[in-house]
Protein chains: 2
Amino acid sequence: MTPVDHPRTNTRAEILKLAEGLFQTKGYNGFSYSDISSVLGIKNAAIHYHFPSKAELGVALIRRYRDLLKATSGTFMKTGENPRAQLEGYLLFCAKREQTTDYICPIAITANDYMTLPKTMQDEGIKLSRETLAWLTRILQEGREQGVFTFDGYPADKAILIQGALQGAGELCRLKNPGAMDATTRQIKSDLSV
Amino acid sequence: MTPVDHPRTNTRAEILKLAEGLFQTKGYNGFSYSDISSVLGIKNAAIHYHFPSKAELGVALIRRYRDLLKATSGTFMKTGENPRAQLEGYLLFCAKREQTTDYICPIAITANDYMTLPKTMQDEGIKLSRETLAWLTRILQEGREQGVFTFDGYPADKAILIQGALQGAGELCRLKNPGAMDATTRQIKSDLSV
DNA sequence: GTCTATAACGTGATAGAC
DNA sequence: GTCTATCACGTTATAGAC
């Protein structure tokens, strides 16, 4: 990786990258501009040039994750693919994220901090959760119609259960249940007779 | 309820009650001593007499919830009772909490804030999650042995899935999925053939 | 266009008044 | 024993230097 370069060139991207890690490990109220500027070797307030307010940085972070999910679903979570492969792709995506970075799902982060967030971030978090649930619901419905998943009840309910469980699993991992994510993905698949 | 009384008598209890709501809605980093003192009509620093540091207040808050769960399991979640009644008791406990207060599960709160918490609070959160998972695992195992629950795999995995899903459901409710908690409890029961 | 010096405020915590 | 005045620090944000 390139260290600090003079004159600085891609400061904005470096800020976003650092902030992403801070946001997903410590939450919106758990990090400050200083945490970023000190690492980058610039002054605290230089960040305000690229992101005039912390709220704008926060919105960019959630949108970044939305884009990542969208890009990811363009590959192994591709529409029209086998629903089973798509679901497994998402489960693997979540598990890998958790295992390699100890990051928590941005949906969970946003929800937990919700009451203290600026409205622009709240709305971005709502969009993220709706998109994810809509995608999951569709996969589950199609999968059941095609006979690759087995479950009772509404696909929308099952989607909420699965998405919530994935969020919760990341949280339980934090609390020294290191196998929580594996346990959850295993049980999700078992409960779908996959 | 009694308003502010002079001379103040049960300040400590009032602090705890207020802090509980603040903690479970805004997280550990989302509230300050001022949020409490202003409501109680005392000075910010008066709280430091009852709770010398915010960390001690935080530990008291998690312990308080642990005690609540313990007391609750002494009634409708009683050991030796029908596992089905016990599980339904816990599901109802979670649903009611969410619906009446919009509080998020302290396990989720603690996990999300984990990286920024003092060690004493981290350890308290770990105990809380372990107790809860141990209880759930036992209920599920006994219930399956007695033939009231139907599921494949390890009871410990199923416990993690259910607990995580309940945490996640509270979070999804925050993000304007108002039916998430009902959907989750419905699907949990359906997936246990209850 | 990019960043630094500085401000204005809120935080958790201490020392000491009653 | 209970609480108030005050502190030292970290926060986000602005004004203006280069």
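We use all heavy atoms of the structure for the numbers below, so side chains are in, but hydrogens, waters and symmetry mates are not. Residue numbers begin at 1 in each chain, while the letters A, B, ... track the order of the sequences.
Here Thr11(A) does not reach the OP1 or OP2 of dT2(C): none of its side-chain N or O atoms lies under 4.0 Å away. At the phosphate of dT11(C), OP1 or OP2 sits under 4.0 Å from a side-chain N or O atom of Ser32(B).
What separates CD1 of Ile42(B) from C1' of dA5(D) is a distance of 15 Å, to the nearest Å. Rounded to an integer number of Å, the gap from Tyr33(B) OH to dC9(C) C1' is 20 Å. In this structure, the CG atom of Asn44(B) is 17 Å from the P atom of dC9(C), given to the nearest Å. Atom CD1 of Ile15(B) is separated from atom C1' of dC3(D) by 11 Å (rounded to the nearest Å). Separating the OH atom of Tyr28(B) from the P atom of dT11(C) is a distance of 14 Å, rounded to the nearest angstrom. The distance from atom CG of Leu22(B) to atom C1' of dG12(C) is 16 Å, rounded to the nearest whole Å. Atom pair Asn29(A):CG and dT11(C):P shows a separation of 11 Å (rounding to whole Å applied).
Looking at residues two or more places apart in sequence or on another chain, you find a side-chain hydrogen bond (donor to acceptor under 3.5 Å, both in side chains) between Thr116(B) and Asn29(B). Contacts of Asp35(B) classified as side-chain hydrogen bond (donor to acceptor under 3.5 Å, both in side chains), with partners at least two apart in sequence or in another chain: none. Contacts of Glu98(B) classified as side-chain hydrogen bond (donor to acceptor under 3.5 Å, both in side chains), with partners at least two apart in sequence or in another chain: none.
Distance from the side chain of Lys43(B) is smallest for dT4(D) among the nucleotides dT4(D), dT11(C), dT11(D). Nearest nucleotide to the Ala45(B) side chain, out of dT4(D), dT12(D), dG12(C): dT4(D).
The distance from the CD1 atom of Ile107(A) to the CG atom of Leu128(A) is 4.0 Å, given to the nearest 0.5 Å.
Listed by first then second residue, pairs satisfying salt bridge (Lys or Arg N to Asp or Glu O under 4.0 Å) with a partner in residues 171-188 of chain A read Asp102(A)-Arg174(A), Arg186(A)-Asp157(B), not counting sequence neighbours.
Sorted by residue number, the members of residues 46-55 of chain A with any non-hydrogen atom under 4.0 Å from DNA chain D read His48(A), Ser53(A), Lys54(A).
Ring geometry for Phe31(A) against Tyr28(A) counts as perpendicular: the plane angle is over 60°, on a 0 to 90° scale with 30° as the lower cut.
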List the atom pairs, donor and acceptor, that lie under 3.5 Å between side-chain atoms in residues 40-49 of chain B and the rest of the protein, sequence neighbours left out.
residue, atom, partner, partner atom, Å
His48(B), ND1, Pro52(B), O, 2.8

